[in-house]
There are 2 protein chains.
Amino acid sequence: MKKKRPSLKDIAEVLKVSTTTVSFVLNGKGEEKKISKQLITKVEDYLKEINYKPNLVARSLRTGSSRVIVFMVEDISNYFFSKIGRIIEDIAYQNDYRVLFCSTENNTKRAQGLIQLFQERQVDGFIIVPPIGIEDEVINLIENDTPVVLFDRKIKSVDVDSVTLNNYEGATLIAEHLIEEGFSKMAFITIDLDLLQMKDRMRGYVDTLAKNNMEPLLLEIPYNTANAVACNTAITQFLIENPDIDSIFFSTNYLAQYGLKALSNYNEQLIKKLGIACFDDNIFFEMYSPSITTFAQPIEQMGAQLMDIMLDKLNNKENKTANKARVSNGNLIIRESSLRKESMPSQ
Amino acid sequence: MKKKRPSLKDIAEVLKVSTTTVSFVLNGKGEEKKISKQLITKVEDYLKEINYKPNLVARSLRTGSSRVIVFMVEDISNYFFSKIGRIIEDIAYQNDYRVLFCSTENNTKRAQGLIQLFQERQVDGFIIVPPIGIEDEVINLIENDTPVVLFDRKIKSVDVDSVTLNNYEGATLIAEHLIEEGFSKMAFITIDLDLLQMKDRMRGYVDTLAKNNMEPLLLEIPYNTANAVACNTAITQFLIENPDIDSIFFSTNYLAQYGLKALSNYNEQLIKKLGIACFDDNIFFEMYSPSITTFAQPIEQMGAQLMDIMLDKLNNKENKTANKARVSNGNLIIRESSLRKESMPSQ
DNA sequence: TTGAAAGCGCTAACAA
DNA sequence: TTGTTAGCGCTTTCAA
């Protein structure tokens, strides 16, 4: 029953030409290879007629390239990553590349498996948000001359291109904004994770407070217990112990989400009374009541940078050791949650 | 500079055995093919030593199978789809299949391109949430004997396996629950989309109200304008025109999200006073204040059904015409938003 | 201007 | 028990 799909050879036989001719026409090299107009038309018409689909697996095997790049992130259902993914996809498409998405879930084993899978499938390039412990695989890719660009975080030990955010500056902007709005007892709620970006955000907060002669007040939630319930408990506890805070700066968007829930469970009115802001935007925050102030990563820009580096590497096979580290600045999106409260003295 | 990755042939040469032997060992057919224990060990050790990665493209070309199935949904960053995706992936993995994710964004052109891309890459099977206008591609896949299972929605004109939800019953359960909690002026906010599942939800609502001698009150928002702003406007308008409603049933989770924002903008207190429930769960709803009652699709069950059908088709190439349509039932998840309000008379 | 043929890396039928 | 070899569908060099 299985109708075999026609191959180039089948077509050549029907048309009584060689496979070479068909291949040239198929790849738009007809003119270049000086094949006669009429033959080109004849072949093209037939290809269209039978709705011929080349076997890309065979082509990849032959050319050693798949014209596919993979975009490997922590979680593709995350707002930020999925947005960036679309941008990357568009740019890739314009350059005749396709992009495959996958989620590591910050799981080293999973990420390793994924890299291996795509490597075996001759993928042309990798854009990776690296989980910890992925160094060896990345080194392996680079040694195999496969273009790799790291995104969102770097790997300390490996010299590889990357696009990241200026986390320190972002945190500074948030803290400064809250201070300008009149908040003077600002807490910082973060995750106990040994990632450079988290450290930078914390430094931004601590330094800004110091500059304004304010005492930092930190809550670090252990990463391994950072689920909805544990966060809720930790944050509620923190609120009880620190009844005098007037504002909270969450270091990630998901912490803010958990935090908002904890806040409203603990005391309905608190959300309106506290100044609230967090790092990294999310569709949730625009819809929440009050809408939440965030520091948003510049999605278009980062996507463009990512593909800029990637395409460059893809096209200049020789030049692949010239590593770039691009650092973007984001934008503070001021919404209701961080504005001066009515109960507060005006400046 | 490019170190070519070693091929089977290279290995055979180094080991002074034939490629056949290496191939058999590689694929775990050593025993079966009666290759001596020591040779097997020797080959295996060497494969491990050089960390050999077979070229899966070549294997696919030869075998005609890629052991990859694609999961094509409307939006992979949607909670429901990404959850289902993980379930499917796990089951696939256990059966030595990998799964590739992609989003159609309900865009016909995009979906067509995606199907073509994967078809050309010899993907073994498709699980698809079909956007409108995708009939021809699906038919084409089936004619090529490629397993296809539809998910979440069906295509009327094509006879193909599917896994869907009992939308009618779900809507009935939500409406009945709200009525039991004492709400008697229930509005239904939906999207003006010609999808069977939407019609079914509406029928569930209308029928339940009729059964309880209640008048239906519908707001249908045009699909093409269903962005945050337009929804906000439409819903606010609706609230103004219908000040006497005591509860709202949203037909999808994203409508509920827009609706909640509109509600709180329009009148802070309304969210606490109205009974609220919606179709299709979302992480947002558990965290919202009040938490939102939803009708959740049975994710594990649907994922299992999907892969059950898919693996069956993959394994029984002959039996592929036996089409199945599985209909799942979901669960009503009762949260704060739909409970009897204090201001209401008790039953 | 077109065609013949080699070969990408792998599997598997057949031979030895 | 192991090896030889054809061939999957395509691209591309070289020859005609």
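Heavy atoms only: backbone and side chains are in, while hydrogens, waters and symmetry mates are out. Lettering of chains follows the sequences in order, A, B, ..., and the numbering in each one begins at 1.
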Quiz item: With respect to A/Arg326, which candidate in A/Asp161, A/Asp308, A/Asp312 satisfies the salt bridge (charged side-chain N to carboxylate O under 4.0 Å, His left out) definition?
Solution: A/Asp308

Quiz item: Between D/dT11 atom C1' and A/Glu32 atom CD, what is the distance in whole Å?
Solution: 13 Å

Quiz prompt | Donor-acceptor pair, side chain of B/Arg121 and main chain of A/Ser66, under 3.5 angstrom | solution = yes

Self-check item: For B/Gln116, all residues meeting side chain to side chain donor-acceptor pair (under 3.5 Å), sequence neighbours excluded
Solution: B/Glu120

Practice problem: To the nearest Å, give me how far apart CG (B/Leu26) and C1' (C/dC10) are. | Solution: 10 Å

Self-check item: A/Phe80 ring center near A/Phe151 ring center (under 6.0 Å)
Solution: yes

Quiz item: Would B/Lys83 and B/Glu300 pass as an ion pair if we require N to O under 4.0 Å?
Solution: no

Exercise. Measure from CG on A/Leu15 to C1' on C/dT2 and round the result to the nearest Å.
Key: 13 Å

Quiz prompt | Residue pair B/Thr21, B/Ser18: steps toward the side chain to side chain donor-acceptor pair (under 3.5 Å) verdict | solution = CA-CA 5 Å; B/Thr21 308; B/Ser18 77; 3.1 Å; yes

Exercise. Tell me, please, which residues at least two apart from A/Glu89 pass side chain to side chain donor-acceptor pair (under 3.5 Å).
Key: A/Arg86, B/Arg110

Practice problem: Can you pull out how bent the helix from C/dT1-D/dA16 to C/dA16-D/dT1 is, comparing the axes over its first five and last five pairs, to 10°? | Solution: 50°

Quiz item: Among the nucleotides C/dC10, D/dC10, C/dC8, which one has an atom lying closest to any side-chain atom of A/Leu8?
Solution: D/dC10

Quiz prompt | Protein-nucleotide distance (B/Leu61, atom CG; D/dT11, atom C1'), rounded to Å | solution = 13 Å

Exercise. Could you list the residues that satisfy ring pair (Phe, Tyr, Trp, His ring centres under 6.0 Å) with A/Phe118, not counting sequence neighbours?
Key: none

Self-check item: d(CD1, B/Ile11; P, C/dT11) in whole Å
Solution: 11 Å

Quiz item: Is A/Thr63 near enough to D/dT11 that one of its side-chain N or O atoms lies under 4.0 angstrom from OP1 or OP2?
Solution: no

Distances under 3.5 Å between protein N/O atoms and the N/O atoms of nucleotides 2-5 of chain D, please, pair by pair.
| from | atom 1 | to | atom 2 | distance (Å) |
| --- | --- | --- | --- | --- |
| D/dT2 | OP1 | B/Ser36 | OG | 3.2 |
| D/dT2 | OP2 | B/Ser36 | N | 2.7 |
| D/dT2 | OP2 | B/Ser36 | OG | 3.4 |
| D/dG3 | OP2 | B/Ser18 | N | 2.8 |
| D/dG3 | OP2 | B/Ser18 | OG | 3.4 |
| D/dG3 | OP2 | B/Thr21 | OG1 | 2.9 |
| D/dT4 | O4 | B/Thr20 | OG1 | 2.3 |
| D/dT5 | O4 | B/Thr19 | OG1 | 3.4 |

Quiz prompt | B/Arg59 side chain vs B/Pro54 backbone, donor-acceptor pair below 3.5 Å | solution = no

Quiz prompt | Listed nucleotide nearest any side-chain atom of B/Ser23, set C/dG9, C/dT11, D/dT11 | solution = C/dT11

Quiz prompt | For DNA chain C, the residues among residues 40-56 of chain B that have a non-hydrogen atom under 4.0 Å from it | solution = B/Tyr52, B/Pro54, B/Asn55

Quiz item: Roughly how many Å is it from CZ in B/Arg62 to P in D/dG9, rounded to a whole number?
Solution: 10 Å

Quiz item: Which whole-number value in Å describes the distance from A/Asn27 CG to D/dC10 P?
Solution: 10 Å

Quiz item: Does A/Glu31 CD have over 12 foreign heavy atoms under 6.0 Å away?
Solution: no

Quiz prompt | Heavy atoms of other groups near A/Ile132 CD1, more than 12 under 6.0 Å | solution = no

Quiz item: What is the distance, rounded to the nearest whole Å, between atom CZ of A/Arg59 and atom C1' of D/dT12?
Solution: 13 Å

Quiz item: Does the A/Thr146 side chain pair with the main chain of A/Gly125, one donor and one acceptor, at a distance under 3.5 Å?
Solution: no

Quiz item: Below 4.0 angstrom from OP1 or OP2 of C/dA12, is there any side-chain N or O of B/Lys29?
Solution: yes

